[in-house]
Amino acid sequence: MPDSKNAAPATGRRDFVRRGAAAALVLPAIVSGLGACTETKAANRDSSAPDSLPPGQNPALARRAQADAMDAMHEKGIKAFPAKTEGKGNQLFQPRIEKGVKVYDLTCEEIQWEVEPGRRAKAWAYNGQVPGPQIRVREGDRVRVNLTN
């Protein structure tokens, strides 16, 4: 019999969707931030460390300048997201209604997706969008999704 202390908490559909949406919002920021961290490390290697400051320079001011530079770099990364590319994903998908049922027709296909200006990658798209279209339903809605793969 499983130990109730180690059992995973029961989660519902709403928890699953909420966590998925949070991950979808946070993950791109994390990925773009990784490049920014690499730039910071390279910049720090080029600049002198606070231990080897020129005589008379305040170490607190040097640390403040580094912090300001890092803040500026992070702000630049945030303002660059989402980049202006030719495709826009996650657009609200309006269903057609058939006898009280919300019907969504999805087609998935492989496309060349512009991940950043001038750079393309192979990606799976749903109705030509990466990420796919946004489907909004409420608990109790009758829904049919037709997927053409």
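In what follows, every heavy atom counts, from backbone to side chain, and hydrogens, waters and symmetry copies are set aside.
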ask   = Side chains of R64 and Q66: donor-acceptor distance under 3.5 Å anywhere?
value = no
query = Is there side-chain contact between K122 and E110, with heavy atoms separated by less than 4.5 Å?
reply = yes
ask   = Does the side chain of Q129 come within less than 4.5 Å of N90's, by heavy atoms?
value = no
request  = Give, for atom CG of N146 and atom CZ of R96, the distance between the pair rounded to the nearest 0.5 Å.
outcome  = 6.5 Å
Spatial distance of atom CZ (R120) from atom CD (Q112) [nearest 0.5 Å] = 7.0 Å
ask   = Which value, rounded to the nearest 0.5 Å, describes the distance between I135 atom CD1 and D141 atom CG?
value = 12.0 Å
remark   = Scanning both residues in full, the closest heavy-atom pair of V101 with R144 reads CG1-N, 3.9 Å
task = Could you tell me whether a side-chain N or O of Q91 sits under 3.5 Å from a main-chain N or O of G89, the two making a donor and an acceptor?
result = yes
message = Less than 4.5 Å apart, side chain to side chain, heavy atoms only: is that true for R142 and K99?
response = no
remark   = In short, G128 meets I111 closest at the heavy-atom pair O-CD1, 4.3 Å
ask   = Got a second to check how far K102's NZ is from R138's CZ, nearest 0.5 Å?
value = 7.5 Å
query = With hydrophobic residues grouped by side-chain heavy-atom distances under 4.5 Å, do V137 and L147 end up in a single group?
reply = yes
ask   = Do the side chains of F93 and L106 get nearer than 4.5 Å, heavy atoms only?
value = yes
message = Quick check: do N149 and C108 have side-chain heavy atoms less than 4.5 Å from each other?
response = yes
inquiry  = For a 4.5 angstrom cut-off between non-hydrogen side-chain atoms, does Y126 reach T107?
reply    = no
